Amino acid sequence: MAIKNNKSNKSTEQPRSLTKQYSFFEDVYEVVRQIPKGRVTSYGAISNYLGTKVSARMVGWAMNAAGSAKPKVPAHRVVNSKGILSAKALFPSMEGLLAKEKIKVENDKIIDFKNLFWDPAKELSID
DNA sequence: CGTGTGACCGGCG
DNA sequence: ACGCCGGCCACAC
């Protein structure tokens with residue numbers, strides 16, 4: 001998947017600027033799709049993985065458009081750095097979806113978050 | 001092309 | 001420990 005290549009695409013990669021379809025949102029979506037079932041990650045972790053070119057806020061904002069993404073993005077597996085379902089208000093099905101993944105949630109907070117946490121920067125490696 | 005905005009994060013009082 | 005404040009940057013209007 002060359003996700004990491006996006007970060008260091010100098011000229012070898014196809015300029016996404018030409019095709020608006022592949023905006024940085026796609027980068028975020030791809031990472032989110034890599035999240036294993038039963039695991040979660042944070043907006044900050046994703047922004048950290050993609051690089052300084054994006055901020056955590058952008059990730060969250062990208063998720064806002066994730067609902068319109070074609071291959072469905074498991075946005076429910078993305079929470080804030082505290083393991084709180086900050087998106088639940090805008091994504092009501094979130095908790096239910098997490099439940100199907102055997103992820104325990106209490107008071108909008110993921111139980112044993114640090115254990116279920118999936119850091120793309122570590123799991124996906126840097127090659 | 002300027003301004004506002006956002007599913008965030010980390011620091012500080 | 002908790003709440004507020006500023007910074008972060010792409011995208012919509």
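So that the names make sense, note that chain A is the first sequence line, chain B the second, and so on, each numbered from 1. Please read these numbers as outputs of a predicted model, since none were measured by experiment.
- The backbone N or O of A:K72 lies less than 3.5 Å from no partner atom in the side chain of A:Y29, so there is not a single donor-acceptor pair.
- A:L50 is listed as a side-chain neighbour of A:V31, based on a closest heavy-atom distance under 4.5 Å.
- A:I46 has its CD1 atom 15 Å from the P atom of B:dA7, to the nearest Å.
- A straight line from NZ of A:K109 to P of B:dA7 spans 22 Å, rounded to a whole angstrom.
- Taking atom OH of residue A:Y43 and atom P of nucleotide C:dC8, one finds them 21 Å apart after rounding to whole Å.
- Classification of A:E101 and A:R77 as a salt-bridged pair holds, one side-chain N sitting under 4.0 Å from a carboxylate O.
- Ranking C:dG7, C:dA10, B:dA7 by closeness to the A:R57 side chain, first place goes to C:dG7.
- Comparing C:dC11, B:dA7, B:dC8 by their closest approach to the side chain of A:A66 singles out B:dA7.
- Annotation: A:N107, atom CG; neighbour count of heavy atoms from other residues, nucleotides and ligands within 6.0 Å does not exceed 12.
- Distance, A:M63 CE to B:dA7 C1': 8 Å, rounded to whole Å.
- For the pair A:L50 CG and C:dC8 P, the interatomic distance rounds to 18 Å; values are reported in whole Å.
- A:S86 is not listed as a side-chain neighbour of A:V79, based on a closest heavy-atom distance of 4.5 Å or more.
- Separating the CG atom of A:N48 from the C1' atom of C:dG7 is a distance of 17 Å, rounded to the nearest angstrom.
- Proximity note for A:F24 (side chain, C-beta onward) versus B:dC9, C:dC11, C:dC9: the nearest is C:dC11.
- Residues from residues 75-87 of chain A with heavy atoms under 4.0 angstrom of DNA chain B, sorted by number: A:A75, A:N80, A:S81, A:S86, A:A87.
- Closest to the side chain of A:W61, from the set C:dA10, B:dA7, B:dC8, is C:dA10.
- No donor-acceptor pair under 3.5 Å is formed between the side chain of A:T41 and the backbone N or O of A:D119.
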